[in-house]
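In what follows, chains carry the letters A, B, and so on, assigned in the order in which the sequence lines appear, proteins first and then strands, with residues in each chain numbered from 1.
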Protein chains: 2
Amino acid sequence: MTVTQSEPVTSGGAATGGLPTKVRDCGTAPPHPRPAGRDKYTISEVAEHTGLSAHTLRWYERIGLMPHVDRTHTGQRRFTNRDLDWLSLVTKLRLTGMPVADMVRYAELVREGESTFAEREQLLTAHREDVRQRIAELRSTLDVLDYKIDIYADARRASERF
Amino acid sequence: MTVTQSEPVTSGGAATGGLPTKVRDCGTAPPHPRPAGRDKYTISEVAEHTGLSAHTLRWYERIGLMPHVDRTHTGQRRFTNRDLDWLSLVTKLRLTGMPVADMVRYAELVREGESTFAEREQLLTAHREDVRQRIAELRSTLDVLDYKIDIYADARRASERF
DNA sequence: CGCTTGCTTGGAGTGCGCTCCAACTCTCTA
DNA sequence: TAGAGAGTTGGAGCGCACTCCAAGCAAGCG
């Protein structure tokens with residue numbers, strides 16, 4: 001098993017966004033299905049696919065949030081399916097409010113190899129707790145919103161009646 | 001019914017954070033119970049109570065996010081229980097990601113009186129939709145996190161066994 | 001060949017939501 | 001009456017996560 005740049009196959013599922021169908025399909029189908037049989041994408045293709053801007057993709061690489069992106073002989077980036085997996089994890093973590101610094105830390109740990117499994121687990125567990133709390137928070141706000149919206153709706157219906 | 005500064009009593013529940021016990025107590029009890037029988041608080045008392053900084057409270061007032069705060073004869077702010085109600089709504093909306101600009105808009109509508117009930121309802125309904133979507137998003141990330149954490153935990157347990 | 005299109009870079013700029021500063025006033029206590 | 005402590009203001013500054021700019025390079029086309 002290599003400990004630099006690429007993840008060992010046996011832990012690829014944990015290190016990248018790759019999930020078994022059972023888990024990945026529990027929501028809706030992805031809006032941008034990946035073209036089959038390809039493993040090289042330009043930056044604009046990846047931007048299109050992930051919804052991130054090309055600017056952001058370059059920035060992610062600069063700050064160490066990408067595992068290492070291949071280049072053509074002229075220096076252009078060529079992203080692989082593995083990169084897309086990684087980006088799908090990253091965007092999920094971002095959408096759920098993980099700070100970029102934490103994701104960079106996670107990316108570092110992935111680069112360092114198997115010896116960092118424990119710390120990776122900690123990092124994700126902490127974030128999971130965070131996400132759970134935020135769900136609870138959102139839910140309690142939902143109650144408040146329901147209550148207030150009801151009041152306004154009642155007022156509207158009352159005024160429509162006359 | 002007045003249409004400036006203070007909300008009509010019949011809609012106070014919708015305009016401020018005030019909720020009937022039934023709704024308010026569906027979660028846990030508030031961490032900072034309000035001292036009974038008081039209706040005048042200094043800015044630092046409110047900061048303590050709400051968890052917002054005094055800076056932020058002044059800033060909220062500057063940008064039009066506060067309904068109008070009373071002053072002593074020397075110009076110091078004296079917040080009322082009604083202000084605390086409003087702030088409790090505002091912090092809830094903030095925590096759930098409503099942009100400050102939208103909250104300012106809502107505050108304006110409240111100041112304009114009953115005629116804006118419909119628009120207030122719309123604004124809150126849109127935000128509710130937002131919150132619902134975010135809950136769904138968070139939940140789907142939770143699945144991913146569970147999956148990855150399991151993998152790391154399995155690896156840890158396997159390595160502990162030898 | 002010239003033109004367009006798409007990519008490259010370092011570094012500067014932007015928008016949001018605070019957060020803090022400097023200089024001042026007022027009140028209270030010793 | 002002096003000093004501490006809490007409040008006031010306009011405006012500057014900050015951290016985050018991008019977002020964009022200018023200048024340049026490489027490939028493809030008429």
Sequence-distant partners of S44(B), side-chain hydrogen bond (donor to acceptor under 3.5 Å, both in side chains), two or more places apart: T42(B)
Partners meeting side-chain hydrogen bond (donor to acceptor under 3.5 Å, both in side chains) with D154(B) (sequence neighbours left out): R157(B)
Partner residues of R58(B) under the salt bridge (charged side-chain N to carboxylate O under 4.0 Å, His left out) criterion, sequence neighbours left out: none
Results of side chain to side chain contact (heavy atoms under 4.5 Å, CB included) for T72(A) - residues two or more places apart only: T74(A), Q76(A), R78(A)
Give every donor-acceptor pair under 3.5 Å between a side-chain atom in residues 59-66 of chain A and any protein atom, sequence neighbours left out.
unit_1: E61(A); atom_1: OE1; unit_2: R77(A); atom_2: NE; d: 2.5
unit_1: E61(A); atom_1: OE2; unit_2: R71(A); atom_2: NH2; d: 3.3

Inter- and intrachain pairs under salt bridge (charged side-chain N to carboxylate O under 4.0 Å, His left out), touching residues 87-100 of chain A, at least two apart: none
Can you pull every protein N or O that's under 3.5 Å from an N or O on nucleotides 22-24 of chain D?
none

Results of salt bridge (charged side-chain N to carboxylate O under 4.0 Å, His left out) for D130(A) - residues two or more places apart only: R134(A)
Sequence-distant partners of T91(A), side-chain hydrogen bond (donor to acceptor under 3.5 Å, both in side chains), two or more places apart: none
Within residues 54-62 of chain A, residues whose heavy atoms come under 4.0 Å of DNA chain C: R58(A), R62(A)
First-last contacting nucleotides on DNA chain C - partner chain A, under 4.0 angstrom, heavy atom: dC7(C) to dG11(C)
side-chain hydrogen bond (donor to acceptor under 3.5 Å, both in side chains) involving R156(B) - partner list, sequence neighbours excluded: E121(A)
